[in-house]
Protein chains: 2
Amino acid sequence: MARKTKAQSSPAVKAQLIEAQDRFIASWGRMGSVWGISRTMAEVHALLYITGKPMCTDEIMDRLSVSRGNVSMSVRSLLEWAVIEKVRLPGDRKEYFQAEQDVWSMLRAIARERIKREVDPLLDALDEIGELAPQIGSHSPEDVIELQHRLDDVREGFGLITTLAHKFAGPRGAGLHTAAKLLAKAPVGRSTKHTSKRSTRKGTGR
Amino acid sequence: MARKTKAQSSPAVKAQLIEAQDRFIASWGRMGSVWGISRTMAEVHALLYITGKPMCTDEIMDRLSVSRGNVSMSVRSLLEWAVIEKVRLPGDRKEYFQAEQDVWSMLRAIARERIKREVDPLLDALDEIGELAPQIGSHSPEDVIELQHRLDDVREGFGLITTLAHKFAGPRGAGLHTAAKLLAKAPVGRSTKHTSKRSTRKGTGR
DNA sequence: ATTAGATTTCAGAAAAATCTGAAAATAGAA
DNA sequence: TTCTATTTTCAGATTTTTCTGAAATCTAAT
């Protein structure tokens with residue numbers, strides 16, 4: 001094997017690397033539960049993202065200590081979310097998986113999927129309820145008018161959110177990054193909080 | 001009690017009203033689980049929002065068929081989220097609760113709380129991991145450089161999101177509605193999808 | 001200070017979500 | 001097609017979350 005100019009990691013550095021990856025995986029996994037996806041699904045995604053290399057089912061099982069079935073199901077969901085993709089290495093029968101490496105496109109995928117699961121069903125239900133409820137007529141009691149108004153208010157609020165989501169996070173959307181930049185520039189409010197505590201990136205500029 | 005000019009609901013209309021409310025409560029409750037809050041907590045909020053009237057613990061228990069303890073705990077969380085408030089009726093020893101009636105301020109509260117629970121802990125963890133991981137030096141192996149880059153990318157992405165959240169959804173923020181309007185106007189992308197299927201609001205204009 | 005109505009707490013029960021593992025199905029190589 | 005490495009499925013086990021209900025605590029009126 002031709003020894004390229006690549007620096008070799010000392011065992012100590014390698015251990016630290018693994019440790020850092022594991023911590024990232026654990027944090028992302030914890031988030032997973034908050035986001036309503038299973039811990040394992042989030043962990044598999046974290047593993048593939050943070051290592052950046054394509055991995056097969058067995059590697060994932062070993063690294064995360066989870067069952068084959070669990071990996072299979074998690075991987076399927078991640079593929080549906082379109083945050084990882086299948087890779088086939090020639091001369092190898094196994095399937096490998098690789099994570100989307102661009103953070104913004106990853107965030108977009110997450111946003112898209114969440115809107116789909118969280119907002120769309122609510123809007124559908126609201127439409128249905130609005131039809132089912134007593135309609136407003138010339139002599140409607142206050143109750144009925146208020147109900148319809150409240151339903152409409154919620155519908156309008158979430159409707160606007162969905163429109164924006166499609167516009168910026170949809171498959172053909174302008175991109176979350178664009179939206180974020182637009183908003184960041186917008187001349188409103190006073191707070192300019194949360195500057196990242198540290199930035200590790202040094203001379204290595206991209 | 002002086003019979004004002006208020007129209008009286010027929011029993012049939014009243015039943016439809018209750019039915020519509022119940023459906024709304026059920027939908028909102030279902031969302032609750034997706035949002036990582038308990039079904040009951042979401043249902044209590046939905047009940048208070050959709051009826052608009054202050055209710056006491058016993059009324060909530062009866063209407064939702066849940067235990068006293070459950071109502072107590074749900075109400076406490078909702079107060080923390082600041083989406084409902086306590087009301088005291090003079091000459092009544094019980095506490096009543098009433099929901100925020102403005103949808104945008106409600107959405108802001110939800111966004112604020114979610115960022116706090118979902119993004120902030122992740123950012124903290126990322127900072128910690130970045131420090132713990134091997135630092136980039138002049139002879140760092142590729143592995144280490146990539147790890148730090150990926151950590152920074154995630155940190156930047158979520159950092160921007162947090163900044164925006166503070167700006168628009170924070171306690172002194174410019175308001176989600178403002179943000180939404182800004183974005184809706186923004187001259188990007190092609191899709192103008194999702195026009196609400198129907199709008200129930202008729203001549204009754206606010 | 002007493003009392004009774006109202007609220008909170010929390011241990012254990014119930015329900016829901018997640019995970020395992022082995023059997024069944026699938027798919028590439030020969 | 002046959003063979004076999006690989007993947008998927010899903011019933012039951014495990015873990016986590018949520019809920020109940022009654023005892024403990026609180027609170028405001030007398």
Side-chain angles (χ1 to χ4, degrees), chain A residues 25-26 28-48 54-81 84-98 113-114 117-118, chain B residues 25-26 28-48 54-81 84-98 113-114 117-118:
Chain A
I25 293 167
W28 200 258
R30 208 166 301 120
M31 283 302 101
S33 357
V34 184
W35 298 347
I37 68 178
S38 90
R39 206 188 82 253
T40 305
M41 178 175 159
E43 285 181 352
V44 172
H45 181 224
L47 172 61
L48 295 176
M55 297 179 84
C56 68
T57 304
D58 291 84
E59 290 173 299
I60 298 172
M61 286 170 62
D62 292 348
R63 180 68 182 267
L64 301 181
S65 313
V66 291
S67 73
R68 184 175 302 283
N70 201 354
V71 169
S72 173
M73 283 156 74
S74 297
V75 152
R76 177 174 44 214
S77 307
L78 290 168
L79 287 169
E80 274 166 22
W81 281 47
I84 68 171
E85 59 183 12
K86 258 184 213 175
V87 188
R88 304 212 61 115
L89 303 188
D92 192 334
R93 215 152 135 177
K94 290 203 254 330
E95 291 180 324
Y96 288 75
F97 305 96
Q98 184 167 253
E113 198 61 28
R114 295 195 66 171
R117 294 202 317 166
E118 304 183 9
Chain B
I25 293 167
W28 200 259
R30 207 167 301 118
M31 283 304 101
S33 357
V34 183
W35 298 348
I37 69 179
S38 90
R39 205 189 83 254
T40 305
M41 177 175 161
E43 284 182 353
V44 172
H45 180 224
L47 172 61
L48 295 176
M55 298 179 82
C56 68
T57 305
D58 290 84
E59 290 174 298
I60 299 172
M61 286 170 63
D62 291 350
R63 180 67 182 269
L64 301 180
S65 313
V66 292
S67 73
R68 184 176 302 283
N70 202 353
V71 170
S72 173
M73 282 155 68
S74 297
V75 153
R76 177 175 41 215
S77 308
L78 291 168
L79 287 169
E80 273 166 23
W81 280 46
I84 69 172
E85 58 183 13
K86 260 184 213 174
V87 188
R88 303 212 64 115
L89 302 189
D92 192 335
R93 212 151 137 181
K94 290 203 256 322
E95 292 180 324
Y96 288 76
F97 305 96
Q98 184 168 249
E113 197 62 28
R114 295 195 66 171
R117 295 202 319 165
E118 303 183 8

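Below, chains carry the letters A, B, ... as their sequence lines are ordered, and counting in each starts from 1. Worth knowing before you read on, the calculation uses all heavy atoms, side chains too, and leaves out hydrogens, waters and symmetry mates.
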Can you find a heavy atom in the side chain of A:Trp81 that is under 4.5 Å from one in the side chain of A:His45? no

Categorize A:Ser33 for me: base, sugar-phosphate, or nothing, with a 4.0 angstrom heavy-atom threshold over every strand shown. nothing

Separation of atom NZ in A:Lys86 from atom C1' in C:dA27, rounded to whole Å: 11 Å

Before accepting this row, confirm whether a basic side-chain N of the pair B:Arg63/B:Glu59 lies closer than 4.0 Å to the acidic partner's carboxylate O. no

Need to verify one output field. Residue with the more 5' nearest nucleotide on DNA chain C, A:Met41 or A:Gly91? A:Met41

Rounded to whole Å, CD of A:Glu95 lies from C1' of C:dA27 at a distance of 10 Å

Does the side chain of A:Glu95 come within less than 4.5 Å of A:Arg88's, by heavy atoms? yes

Minimum-distance nucleotide (side-chain atoms of A:Ser67 versus C:dC19, C:dT9, D:dG21): C:dC19

Could you tell me how far apart B:Leu64 (CG) and D:dT18 (P) are, to the nearest whole angstrom? 17 Å

Per atom distances to the A:Thr40 side chain, the nearest of C:dT9, C:dC19, D:dA28 is C:dC19

Residue-phosphate contact under 4.0 Å: A:Arg93 side-chain N/O, D:dT7 OP1/OP2: no

Would you mind reading off the distance between B:Asp62 atom CG and D:dT20 atom C1', rounded to a whole angstrom? 15 Å

Atom-to-atom span, CZ of B:Arg39 to C1' of C:dA17 - whole angstrom: 15 Å

Of the nucleotides C:dA29, D:dC19, D:dT27, which has the atom closest to the B:Asn70 side chain? D:dC19

In whole Å, what is the span from the CG atom of A:Leu89 to the P atom of C:dG28? 14 Å

Give me the atom names and distance for the closest heavy-atom approach of B:Met31 to A:Arg117. CE-O, 4.2 Å

When you get a sec, tell me which of D:dT8, C:dT7, D:dA28 is the closest nucleotide to the side chain of B:Thr57? C:dT7

Given atom CZ of A:Arg76 and atom P of C:dT26, what is their separation to the nearest angstrom? 13 Å

Measure the distance from CD on A:Glu59 to P on D:dT7 and round it to the nearest whole Å. 11 Å

Side chain of B:Arg88 only, heavy atoms from C-beta on: which candidate in D:dA28, D:dT8, C:dT9 is closest? D:dA28

When rounded to the nearest 0.5 Å, the distance separating CG of A:Leu64 from OG of A:Ser74 is 9.0 Å

Closest-nucleotide 5' rank along DNA chain D - winner of B:Ser74 and A:Asp58: A:Asp58

Heavy atoms from C-beta onward define the side chain here; which of D:dT6, C:dA6, D:dA28 lies closest to that of A:Lys94? D:dT6

Give, for atom NZ of B:Lys86 and atom CG of B:Leu78, the distance between the pair rounded to the nearest 0.5 Å. 12.5 Å

Among the candidates C:dG21, D:dT8, C:dC10, find the nucleotide nearest to the side-chain atoms of B:Met73. C:dC10

Would you indicate what A:Arg68 reaches in the nucleic acid, counting non-hydrogen atoms under 4.0 angstrom: base, sugar-phosphate, or nothing? base

Does B:Ser38 reach a base, just sugar-phosphate, or nothing at all? Heavy atoms under 4.0 Å. sugar-phosphate

